[in-house]
Amino acid sequence: MTDLSDERTSKRAAIRKARNSTKPAVQADQVLILLDPDLARIQAAIDALPTPRPKD
């Protein structure tokens, strides 16, 4: 669990640093690369949700 916590902490720090700077040290494409695995996990969770049934 520590690895996940460390990963989240580093992602938050990178995003915060980019957001607070007028000349970001972290390029936008690097931020997207950091967020890509999270997006994949979120999409997988959405795909796993049951399909709603139409109400009769």
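Please read all numbers here as calculations on a predicted model, not as lab measurements.
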Trainee: In sequence, state the C-alpha distance, the side-chain angles, and the governing distance for Asp38 and Lys11, and then conclude on side-chain contact (heavy atoms from CB on, under 4.5 Å).
Mentor: CA-CA 11 Å; Asp38 294 333; Lys11 284 180 182 180; 2.9 Å; yes
Trainee: Closer than 3.5 angstrom, by distance alone: can the side chain of Gln30 be matched with the main-chain N or O of Gln27 as a donor-acceptor pair?
Mentor: yes
Trainee: Rounded to the nearest 0.5 Å, what's the gap from CG on Leu34 to CG on Leu39? Could you check?
Mentor: 13.0 Å
